[in-house]
Amino acid sequence: MQGILYEEPSIWLFILITCMLGGWAAWMTGRACAQTWRPYGILLCYLIPLGLAVRFIHHALFEGTMLSLHYYLVDTIVLIIIGSIGFRYTRANQMVNQYSWLYEKASFLTWRAK
């Protein structure tokens with residue numbers, strides 16, 4: 001997987017920086033977009049620069065390649081996945097709590113009409 005998902009000598013750096021640090025920021029961004037009733041497209045507009053920030057952290061701390069399209073896309077796709085899950089989780093809870101007479105929780109990320 002080294003060379004495909006990450007360029008560092010250890011997968012633990014990818015997990016630490018991209019998945020945990022960047023993932024936390026993506027989750028909180030998705031949560032904030034859902035709480036303020038912003039559409040999903042706005043979340044994507046916020047996560048694209050977050051991918052650049054994660055690339056910068058890889059570059060600044062671990063001498064990774066800053067301007068690599070391949071690794072930028074990998075980092076951004078991971079952030080979009082985590083941010084989307086945070087968005088849907090928060091939105092499902094909002095819909096069930098705010099419109100409790102209309103909706104009930106169907107799963108972790110969805111709701112359905114009563």
Side-chain angles (χ1 to χ4, degrees):
M1 298 302 283
Q2 198 243 352
I4 297 172
L5 289 180
Y6 59 94
E7 64 181 328
E8 288 85 10
S10 172
I11 192 168
W12 296 110
L13 293 176
F14 173 77
I15 291 172
L16 175 70
I17 301 301
T18 301
C19 297
M20 293 179 72
L21 187 71
W24 175 80
W27 178 277
M28 297 305 288
T29 303
R31 183 174 174 260
C33 284
Q35 284 179 340
T36 55
W37 295 96
R38 289 192 171 105
Y40 180 74
I42 298 296
L43 172 65
L44 296 178
C45 292
Y46 290 148
L47 293 179
I48 289 171
L50 185 60
L52 285 172
V54 169
R55 279 299 339 138
F56 176 74
I57 292 171
H58 280 287
H59 170 71
L61 296 180
F62 303 108
E63 298 177 4
T65 307
M66 176 66 185
L67 300 175
S68 169
L69 180 63
H70 172 85
Y71 296 121
Y72 168 72
L73 289 176
V74 170
D75 289 344
T76 305
I77 288 169
V78 170
L79 297 177
I80 287 173
I81 291 169
I82 296 171
S84 297
I85 292 171
F87 180 86
R88 289 294 296 185
Y89 176 75
T90 305
R91 182 59 52 92
N93 286 335
Q94 273 182 312
M95 294 299 284
V96 170
N97 291 333
Q98 188 156 351
Y99 304 110
S100 59
W101 67 93
L102 290 175
Y103 302 113
E104 63 187 3
K105 198 117 167 140
S107 71
F108 176 68
L109 301 174
T110 60
W111 63 91
R112 65 174 170 239
K114 282 188 175 181

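Residues forming a side chain to side chain contact (heavy atoms under 4.5 Å, CB included) with Tyr103 (at least two apart in sequence, or on another chain): Met95, Tyr99, Trp111. Residues satisfying the side-chain hydrogen bond (donor to acceptor under 3.5 Å, both in side chains) test with Arg91, not counting sequence neighbours, are Gln94. With sequence neighbours excluded, the residues that form a side chain to side chain contact (heavy atoms under 4.5 Å, CB included) with Arg112 are Glu104, Ala106. Remark: Leu61 pairs with Ile57 by the side chain to side chain contact (heavy atoms under 4.5 Å, CB included) rule, at least two apart or across chains.
There is no path of hydrophobic side-chain contacts, each under 4.5 Å, that joins Tyr46 to Tyr89. Note: the hydrophobic cluster containing Tyr71 does not contain Leu67 (ILVMFWY, side chain heavy atoms under 4.5 Å, direct or indirect links). Residues Leu44 and Ile42 do not share a hydrophobic cluster, clusters being chains of Ile/Leu/Val/Met/Phe/Trp/Tyr side chains in contact below 4.5 Å. When hydrophobic clusters are built by joining Ile, Leu, Val, Met, Phe, Trp and Tyr residues whose side-chain heavy atoms come closer than 4.5 Å, directly or via intermediates, Trp24 is grouped together with Phe14.
In Trp37, the CH2 atom is crowded: over 12 heavy atoms of neighbouring residues, nucleotides or ligands sit closer than 6.0 Å. The neighbour count for Met66 CE, taken as heavy atoms of other residues, nucleotides or ligands under 6.0 Å away, is above 12.
For the pair Ser107 and Thr110, the tightest heavy-atom approach, listed with the atom from each and the gap, is OG-OG1, 2.7 Å. Heavy atoms only, all atoms of each residue included: Lys105 and Ala92 are closest at NZ-CB, 3.9 Å.
Annotation: the span from Leu47 atom CG to Phe87 atom CZ amounts to 11.0 Å, rounded to 0.5 Å. Taken from CG in Asn93 to CZ in Phe108, the straight-line distance is 8.5 Å, to the nearest 0.5 Å.
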Q.
Test side chain to side chain contact (heavy atoms under 4.5 Å, CB included) on Leu109 and Ile85; report intermediate values, then the result.
A. CA-CA 7 Å; Leu109 301 174; Ile85 292 171; 4.1 Å; yes
**Q.** Worked check of side chain to side chain contact (heavy atoms under 4.5 Å, CB included) between His58 and Thr65
**A.** CA-CA 8 Å; His58 280 287; Thr65 307; over 6 Å; no
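Screening residues 37-52 for salt bridge (charged side-chain N to carboxylate O under 4.0 Å, His left out), with sequence neighbours left out, gives no hits.
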Side-chain polar contacts of residues 73-84 - donor-acceptor pairs under 3.5 angstrom, sequence neighbours left out - could you list them?
unit_1, atom_1, unit_2, atom_2, d
Asp75, OD1, Thr18, OG1, 3.1
Asp75, OD2, Arg55, NH1, 2.9
Thr76, OG1, Tyr72, O, 2.7
Ser84, OG, Tyr40, OH, 2.5
Ser84, OG, Ile80, O, 2.6

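A 4.5 Å side-chain heavy-atom check between Ile17 and Val54 finds at least one atom pair inside the cut-off.
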